[in-house]
2 protein chains.
Amino acid sequence: MKDNRTFFCNGKPHHMERFLEVCLLLLLYDEIGYGYGLIEQLASFGFSEAGLNMSTLYRTLRKMENEGLVTSQWEEGGQGPKRRVYEITKDGKNELDQWIGILKIRKSRIEVLINQYDEKTT
Amino acid sequence: MKDNRTFFCNGKPHHMERFLEVCLLLLLYDEIGYGYGLIEQLASFGFSEAGLNMSTLYRTLRKMENEGLVTSQWEEGGQGPKRRVYEITKDGKNELDQWIGILKIRKSRIEVLINQYDEKTT
DNA sequence: AAGACTATATGTATAAAGAATATAGTACTG
DNA sequence: CAGTACTATATTCTTTATACATATAGTCTT
């Protein structure tokens, strides 16, 4: 009998709101990048190559462009299919700085919860 | 000139997926509780009394009941308006245990990102 | 009697993300 | 050179979590 998911929290998507977006801003912080190529770099942030959703990745990049956080252009000559290459903007860097603050708060809220859990269960 | 939100990440909802649900499971872990009364207890997890959304709170509790994580009943005699009192189930406790593991992963992913940010910006 | 507070609930809207699918060019391989 | 695998981007549809607004009603205080 296969895993029949007793726990609702096993029901797949354990994403953290906008986390992908922040990772992308950080990866683009000091060098340009393109969608497909960013996949392997995202692995260090816990995005499995299997699990990462391409549609989400591309859509997020285009959304960030609409918001003025990055700019893009088609890569000039180069082998293989053309790549849309993204570059971070000043606004994008500011946005990242703000997000870091928010992530520190998120982290501490998680810590508080884990600590209270440990207190109750030991 | 008012704050005109230069940063998209200031655009309000900095929720973490399902975090409220996990907090509720923990609060109900060793004692029963009801919606309105849980508000002040949620403050310790970073939910401001102003910011916390009652519709989300009540809806989340009912959803948890549908999923079998909690049970509820109207409180017998007692002053004030009637309260729907929630009690955690065995499934609910198992679910919380699972969530704690997920939150530890989330926390470490955030740490990785913050560390990489610090490396790049110092 | 008026107003503040306690308490729960629902209808509608929005935003983030997943699943599935479409489209093509390039590289390798026999 | 035909077939296959890989690189690369994009769109449509759907689901999920949450916010916003509003409704309802009992209780307490003055």
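In this text, all values refer to a predicted model and were calculated from it rather than measured experimentally. Scope of the values below: all heavy atoms of this structure, side chains included, with no hydrogens, waters or symmetry mates. Order of the sequence lines sets the chain letters (A, B, ...), proteins ahead of strands, with each chain counted from 1.
For A:Asn53, the side-chain atoms get nearest to C:dG18 when compared with the rest of C:dA16, C:dG18, C:dT8. Which of C:dA9, D:dT9, C:dA7 sits closest to the side chain of B:Trp74 comes down to C:dA9.
Atom C1' of nucleotide D:dT27 and atom NZ of B:Lys82 are separated by 14 Å, given to the nearest angstrom. Going from atom CG of A:Leu52 over to atom P of C:dA16 covers 17 Å, rounded to whole Å.
Sorted by first and then second residue, the salt bridge (Lys or Arg N to Asp or Glu O under 4.0 Å) pairs involving residues 30-41 of chain B (not counting sequence neighbours) are A:Lys120-B:Asp30.
Scanning all heavy atoms of the two residues, the minimum distance from B:Ile88 to B:Leu25 falls at CD1-O, 3.5 Å. When all heavy atoms are compared, the tightest approach of B:Leu113 to A:Cys23 is CD1-SG, 3.4 Å.
In this structure, B:Arg59 reaches the bases: a heavy-atom distance under 4.0 Å links it to at least one base atom across the strands shown.
Contact between the side-chain N/O atoms of A:Ser55 and the OP1/OP2 oxygens of C:dG18 is not found at any separation under 4.0 Å. One finds a side-chain N or O of A:Arg83 lying less than 4.0 angstrom from the OP1 or OP2 phosphate oxygen of D:dA8. For the OP1/OP2 pair of D:dT9 and a distance below 4.0 Å, the side-chain nitrogens and oxygens of A:Arg62 include no atom meeting the criterion.
Residues satisfying the side chain to side chain contact (heavy atoms under 4.5 Å, CB included) test with B:Arg59, not counting sequence neighbours, are B:Ser55.
Side-chain atoms of A:Glu65 come within 3.5 Å of backbone atoms of A:Ser72 as a donor-acceptor pair (strictly under, hydrogens ignored).
The neighbour count for A:Gln73 CD, taken as heavy atoms of other residues, nucleotides or ligands under 6.0 Å away, does not exceed 12.
Residues from residues 26-39 of chain B with heavy atoms under 4.0 angstrom of DNA chain C, sorted by number: B:Tyr34, B:Gly35, B:Tyr36.
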